[in-house]
Colleague: 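If you scroll down you'll find the structure; I have some questions about it.
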Amino acid sequence: MAYVDGFVLAVPTNKIEDYKKLAKTAGDVWMEHGATSYVECLADDVPYGELTSFPRAVQQKDGETTVFSWITYPSRAVRDEVMKKVMADERLKTDMESAPFDGKRMIFGGFESFLDL
């Protein structure tokens, strides 16, 4: 079963094109280093929940859009190796001050698949 890294973040709507460029570069880097898939999604039908929701989770502000993304790998061991290479890749060495999103509000984590239909 695949190992999955998942991400949820808020991107200022006026910086979506900048984010898409960054995501394309990041996707290329992850795939070159061994990820089996890389997916980025913009919120389309994501209501602001009364208690919980994707927008609440990332403290989405007016003028921002929620992004949901995931990367898959054959295993946790492969993910750990890929991540080392990705973190050392010069193409992703950016100043977080100039990133098109607030990294402090990004939610991320690794997940072991248990069902894949």
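Heavy-atom basis, side chains included; hydrogens, waters and symmetry copies ignored. All residue numbers refer to positions in the sequence shown, counting from 1.
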Colleague: Check for me, please, whether Met106 and Val86 land in the same ILVMFWY cluster - side-chain distances under 4.5 Å, paths through other members count.
Modeller: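 Linked, Met106 and Val86 end up in one cluster.
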
Colleague: Using every non-hydrogen atom in the two residues, find where Val78 and Gly34 come nearest and quote the distance to one decimal.
Modeller: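 For Val78 versus Gly34, the nearest heavy atoms are CG1-O, 4.3 Å.
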
Colleague: Does a side-chain heavy-atom distance below 4.5 Å link Lys20 with Leu42?
Modeller: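 Contact flag for Lys20/Leu42 side chains = yes.
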
Colleague: Check whether Tyr38 and Phe7 end up in the same hydrophobic cluster, where Ile, Leu, Val, Met, Phe, Trp and Tyr are linked by side-chain heavy atoms less than 4.5 Å apart.
Modeller: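 Same cluster: Tyr38 reaches Phe7 through Ile, Leu, Val, Met, Phe, Trp or Tyr contacts under 4.5 Å.
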
Colleague: Do side-chain atoms of Arg56 reach the backbone of Gly49 as a donor and acceptor pair under 3.5 angstrom?
Modeller: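 Yes: the side chain of Arg56 pairs with the backbone of Gly49.
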
Colleague: In the single-linkage hydrophobic clustering (I, L, V, M, F, W, Y; side-chain heavy atoms under 4.5 Å), do Leu22 and Val58 co-cluster?
Modeller: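 As far as the 4.5 Å side-chain criterion goes, Val58 and Leu22 are not connected within one cluster.
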
Colleague: Does one hydrophobic cluster hold both Met1 and Leu117, with members joined at side-chain heavy-atom distances below 4.5 Å?
Modeller: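 Each belongs to a different hydrophobic cluster.
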
Colleague: Measure the shortest side-chain to side-chain distance between Gln59 and Asp102 over non-hydrogen atoms and say whether it is less than 4.5 angstrom.
Modeller: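 A side-chain contact is absent here, since even the closest heavy-atom pair is not under 4.5 Å.
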
Colleague: If you look at every heavy atom in Glu40 and Ser69, which pair is closest and at what distance?
Modeller: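 Scanning both residues, the minimum pair turns out to be OE1-CB, 3.4 Å.
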
Colleague: Return the orientation label for the Tyr73 and Tyr3 ring planes: parallel under 30°, perpendicular over 60°, tilted otherwise.
Modeller: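 Taking Tyr3 first and then Tyr73, their aromatic rings sit tilted (interplane angle of 30° to 60°).
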
Colleague: Tell me, do Val8 and Val67 make a side-chain contact under 4.5 Å, heavy atoms counted?
Modeller: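 Contact flag for Val8/Val67 side chains = no.
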
Colleague: May I ask whether Val82 and Trp70 are part of the same hydrophobic cluster, defined by side-chain heavy atoms of I, L, V, M, F, W, Y residues being less than 4.5 angstrom apart, directly or through others?
Modeller: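 Unlinked, Val82 and Trp70 end up in two clusters.
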
Colleague: Do Met83 and Trp30 make a side-chain contact, defined as non-hydrogen atoms from C-beta onward lying under 4.5 Å apart?
Modeller: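 In short, these two side chains touch, coming nearer than 4.5 Å.
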
Colleague: Is a donor on one side and an acceptor on the other found under 3.5 Å between the side chain of Thr13 and the backbone of Gly63?
Modeller: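 Side chain of Thr13 to backbone of Gly63: a pair is present.
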
Colleague: Side chains of Phe108 and Leu9: does their closest heavy-atom pair fall under 4.5 Å?
Modeller: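 Not touching, per the 4.5 Å side-chain cut-off.
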
Colleague: Can you name the nearest heavy-atom pair linking Ala10 to Glu64, along with the distance?
Modeller: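 What the structure gives for the nearest pair is CB-OE1, 3.5 Å.
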
Colleague: Does a side-chain N-to-carboxylate-O contact under 4.0 Å join Arg76 and Asp80?
Modeller: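 Yes, charged N to carboxylate O under 4.0 Å.
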
Colleague: If I compare all heavy atoms of Ala26 with all of Leu92, which pair ends up nearest, and what's the gap?
Modeller: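 Minimum heavy-atom separation between Ala26 and Leu92: CA-CD2, 3.8 Å.
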
Colleague: Test Asp28 against Lys24 for salt bridge (charged side-chain N to carboxylate O under 4.0 Å, His left out), laying out the working first.
Modeller: CA-CA 6 Å; Asp28 290 343; Lys24 172 66 172 119; 2.7 Å; yes

Colleague: Of all heavy-atom pairs between Pro55 and Val46, which one has the smallest distance, and what is that distance?
Modeller: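 For Pro55 and Val46, the tightest heavy-atom pair comes out as CD-CG1, 3.4 Å.
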
Colleague: Within the structure provided, determine whether Lys85 and Asp89 are in side-chain contact (heavy-atom separation under 4.5 Å).
Modeller: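 No, every pair of side-chain atoms sits at 4.5 Å or beyond.
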
Colleague: Quick one: closest heavy-atom pair of Thr36 and Met31, and the distance?
Modeller: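 Smallest heavy-atom distance, with atoms named: O-CE, 3.7 Å.
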
Colleague: Do the non-hydrogen side-chain atoms of Pro12 and Tyr19 ever get within less than 4.5 Å of each other?
Modeller: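 A side-chain contact is absent here, since even the closest heavy-atom pair is not under 4.5 Å.
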
